[in-house]
Every structure is written in C-alpha cells, then in structure tokens.
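Quick caveat, the model's predicted, so the values are computed rather than measured.
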Amino acid sequence: MLEQIKNSKAYKKLNQFQKDLAIRRNNRLQIEDAVITARAIGLAVWKENNALPNNWRAIVEEIA
C-alpha cells in the first residue's frame, strides 16, 4: 500500500513536509484503513463520513 500511496497523483502534489507526514506509520495506517473502508462502503458514503485531512482524502479517493 505504501507504493500505491507514493505513486498516487495526489501524493505527488503535496509539498515535502506533507509527504513526510503522510507516510509516517500512524498516518499511513489511517490512510490504508480509509481506503479499505471506502472500498467496503462505497466512496460516496465514505466522503460524507470521514475525518481525514483534505490532502489525504484525495489520496484515498484515487486509490479506492
């Protein structure tokens, strides 16, 4: 999943500090869990009920 995050267009648009934050273990696990949830319940429903920062939402939307 780490490679999927790093290869996403949304990740590449982030500045270096935001990239470093996104791939830290705890944050990466949040993104991975969000991807799993979005795939399970549907992206539209997930968009309405999530607490991720906007920068990471784009990554989740792209991967899911």
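- The distance from the CD1 atom of I23 to the NZ atom of K6 is 4.5 Å, given to the nearest 0.5 Å.
- With sequence neighbours left out, the side chain to side chain donor-acceptor pair (under 3.5 Å) criterion links E3 to no other residue.
- Residue M1 holds its CE atom at 6.0 Å from CD1 of I63, rounded to the nearest 0.5 Å.
- Under the side-chain contact (heavy atoms from CB on, under 4.5 Å) criterion, L43 pairs with A38, W46, K47, E61, A64, not counting sequence neighbours.
- Under a hydrophobic-cluster definition in which Ile, Leu, Val, Met, Phe, Trp and Tyr are linked whenever side-chain heavy atoms come within less than 4.5 Å, directly or via other members, V35 and I41 are assigned to the same cluster.
- Note on V45 and V60: same hydrophobic cluster, where clusters join Ile, Leu, Val, Met, Phe, Trp and Tyr whose side-chain heavy atoms are under 4.5 Å apart, directly or indirectly.
- The line from NZ of K13 to CD1 of I59 is 11.0 Å long, rounded to the nearest 0.5 Å.
- Atom CH2 of W56 is separated from atom CG of N50 by 12.0 Å, given to the nearest 0.5 angstrom.
- With values rounded to the nearest 0.5 angstrom, D20 atom CG is found 10.5 Å from L14 atom CG.
- Partners of E62 according to the salt bridge (charged side-chain N to carboxylate O under 4.0 Å, His left out) rule, which considers only residues two or more places apart in sequence or in another chain, do not exist here.
- Between L2 and R28, the shortest heavy-atom contact is CD1-CD, 3.5 Å.
- To the nearest 0.5 angstrom, Q30 atom CD is 12.5 Å from R24 atom CZ.
- Here the side chains of Q18 and N15 are in contact, with some heavy-atom distance below 4.5 Å.
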